[in-house]
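In what follows, a single structure is set out as structure tokens and then discussed.
Labels below follow one simple rule: chain letters A, B, ... track the order of the sequence lines, proteins then strands, and each chain is numbered from 1. Being a predicted model, the structure only gives us computed values, none of them experimental.
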2 protein chains.
Amino acid sequence: MALRHAVLAALLDGEYSGYQLAKAFDVGVANFWHALPQQLYAELARLEKEGLVAGRQVVQESRPNKRLFHVTDAGRAELEKFAEAAAKPSFIRDDLLVKVQAADRIGTGPVIGQLEERALAAEAKIELLGKLLGQLRGDADEEEYLRRGERIGPYLTCLRGLSFEQEHRDWCLRIAAVLRERQVTRADH
Amino acid sequence: MALRHAVLAALLDGEYSGYQLAKAFDVGVANFWHALPQQLYAELARLEKEGLVAGRQVVQESRPNKRLFHVTDAGRAELEKFAEAAAKPSFIRDDLLVKVQAADRIGTGPVIGQLEERALAAEAKIELLGKLLGQLRGDADEEEYLRRGERIGPYLTCLRGLSFEQEHRDWCLRIAAVLRERQVTRADH
DNA sequence: GCATCATAGTCAAGAAAATGACTAGTCATA
DNA sequence: TATGACTAGTCATTTTCTTGACTATGATGC
């Protein structure tokens, strides 16, 4: 029951359709939660039934109609309650780390390739988040924005996402280099 | 079907009982995968049925008997296959980040408290991982160990865990400070 | 002129994970 | 001398997530 809170938190910024939310869960929101579109549509339906969000139909020409959702007072109260409860510890789950754990007992070739791909993907995300942060912050410098900005929540989670991706990229590149060098060394003798 | 590979990777270091594995999944292994004891016992049973691990009974006095498991050749082959397949992207899922995303629209008091608790927990994990890395490395310095060490997989994943926890701690402390200062500023006017 | 992408969803099935309760003996401690 | 913590698990239920397929329309590219 935490996806519901992620959805509520994401909707605090305004009205979104399920489709738009799904996009958000692929960029900014991805910094704190991950979900597929199907899950989001299902969760929005549940939330609406419980009165935590409300939707309104928007008729469009030359595009399918959509439903825009916003958080209700009951939804805000639910978030409030959630924020007061103890948080579960966070955890990583990453296929690539599993492969690295096993790396010196199995073929390292494919793992090195995947580490380098991952580093590239992280790099792309870093640029994206950099731009996003710039947009959110506008003209102000970071210190100033964090002190006086209206809505800093998304900025703060993007900061976390940014540092996560940077560390991830650096680690991937370093590990790839280490494994590569060991390949060479082993081929030597 | 990825927990199975995490279990196989964790078992590469030697023989473990389900109980010991559960402990490992709370420390070192937690750097790349998280699972509850019940899941591990169930997965070990499945893996044994499929011949990817084998167990042997160890009779103990003054303690319940246990079964120690090790990876079979078939298990190693399965890991090999897994390593060659494309890795799914990693993702974060963290209650606390959801709360921060919502932070300026809800009461920040409890969130600040949780951020500071989290920072302490991260600090403890950092120390633990520091010791673990020292043990794995032994006398050698890091460069040397990574070049010539026998089994560096667990070391590499612990490095990732360490940098993750450090970033996490720093972020928690910074965000807690930011939110605290905003509380004061808002109380002002 | 045909293919593919983007918008905007829905439905169903199956795999994986989380929750909670329960057994049973040992050891330390208050 | 009972209380709780540690070792070593098991069972059942529920919730959550993932996979894959399917509907429609308009716009864009080759």
Side-chain angles (χ1 to χ4, degrees), chain A residues 1-7 15-27 29-30 33-50 53 55-69 82 85-95 98, chain B residues 1-8 15-27 29-30 32-50 53 55-69 82 85-95 98:
Chain A
M1 295 262 244
L3 170 60
R4 67 192 304 101
H5 299 112
V7 169
E15 285 187 318
Y16 289 97
S17 68
Y19 191 78
Q20 289 173 304
L21 252 194
K23 300 273 153 185
F25 268 75
D26 240 30
V27 248
V29 181
W33 211 263
H34 158 88
L36 299 167
Q38 292 96 315
Q39 270 175 281
L40 297 175
Y41 286 115
E43 195 60 50
L44 281 170
R46 263 195 296 275
L47 286 168
E48 193 180 19
K49 209 173 64 191
E50 293 174 37
V53 306
R56 64 187 180 89
Q57 180 86 6
V58 173
V59 178
Q60 297 184 115
E61 286 155 37
S62 95
R63 222 159 269 304
N65 297 341
K66 60 181 172 183
R67 303 200 64 217
L68 294 181
F69 294 91
F82 169 68
K88 289 177 207 163
S90 76
F91 47 81
I92 301 183
R93 264 183 185 159
D94 189 341
D95 276 11
V98 174
Chain B
M1 297 263 243
L3 170 60
R4 66 192 307 101
H5 299 112
V7 169
L8 288 173
E15 284 186 317
Y16 290 97
S17 67
Y19 190 80
Q20 289 173 303
L21 253 193
K23 299 273 152 183
F25 268 75
D26 240 31
V27 249
V29 181
F32 59 91
W33 210 263
H34 159 87
L36 300 167
Q38 293 95 316
Q39 274 174 276
L40 297 175
Y41 286 115
E43 195 59 51
L44 281 171
R46 264 195 295 275
L47 286 168
E48 193 181 20
K49 209 173 64 192
E50 293 173 38
V53 307
R56 63 185 181 92
Q57 180 87 7
V58 174
V59 177
Q60 298 185 114
E61 287 155 37
S62 95
R63 222 160 267 305
N65 297 340
K66 60 182 173 183
R67 304 199 65 216
L68 294 181
F69 294 92
F82 169 69
K88 290 178 204 160
S90 77
F91 47 79
I92 301 184
R93 266 182 182 159
D94 189 342
D95 275 13
V98 174

Just list the side-chain donor-acceptor pairs under 3.5 Å for residues 34-41 of chain A, sequence neighbours left out, or say none.
residue	atom	partner	partner atom	Å
Q39(A)	OE1	L36(A)	N	3.2
Y41(A)	OH	Y19(A)	N	3.3

Discussion item. Based on the rotation axes of five pairs at each end, what angle does the helix from dG1(C)-dC30(D) to dA30(C)-dT1(D) bend through, to 10°?
Written reply: 40°

Worksheet entry | Contacts of A86(A) that satisfy side-chain contact (heavy atoms from CB on, under 4.5 Å) - sequence neighbours left out | none

Discussion item. The criterion is side chain to side chain donor-acceptor pair (under 3.5 Å); which residues satisfy it with R67(B), sequence neighbours excluded?
Written reply: E48(B)

Discussion item. Please list all pairs meeting salt bridge (charged side-chain N to carboxylate O under 4.0 Å, His left out) that have one or both residues in residues 56-65 of chain A, counting only residues at least two apart or in different chains.
Written reply: E15(A)-R56(A)

Fill in: B/S/- contact track for nucleotides 11-16 of chain C, protein heavy atom under 4.0 Å
B----S

Worksheet entry | salt bridge (charged side-chain N to carboxylate O under 4.0 Å, His left out) pairs, two or more places apart, involving residues 17-26 of chain A | none

Discussion item. I need the residues from residues 18-26 of chain A with at least one non-hydrogen atom less than 4.0 Å from DNA chain D; give them sorted by number, or say none.
Written reply: none

Practice prompt. Sequence neighbours left out, what passes side-chain contact (heavy atoms from CB on, under 4.5 Å) with A85(A)? Give chain and number order.
Written response: none

Fill in: dT7(C) phosphate, OP1 or OP2, under 4.0 Å from S17(A) side-chain N/O
no

Fill in: Leading and trailing nucleotides of DNA chain D with any atom under 4.0 Å from heavy atoms of chain B
dC6(D) to dT19(D)

Practice prompt. Take atom CG of L36(B) and atom P of dG20(C), then tell me their distance rounded to the nearest Å.
Written response: 11 Å

Item to complete: Taking side chain to side chain donor-acceptor pair (under 3.5 Å) as the test, write out the residues that go with S17(A), two or more places apart.
Response: Q20(A)

Worksheet item: Pick the nucleotide of DNA chain D nearest each of P64(A) and R63(B); which residue has the one closer to the 5' end?
Response: R63(B)

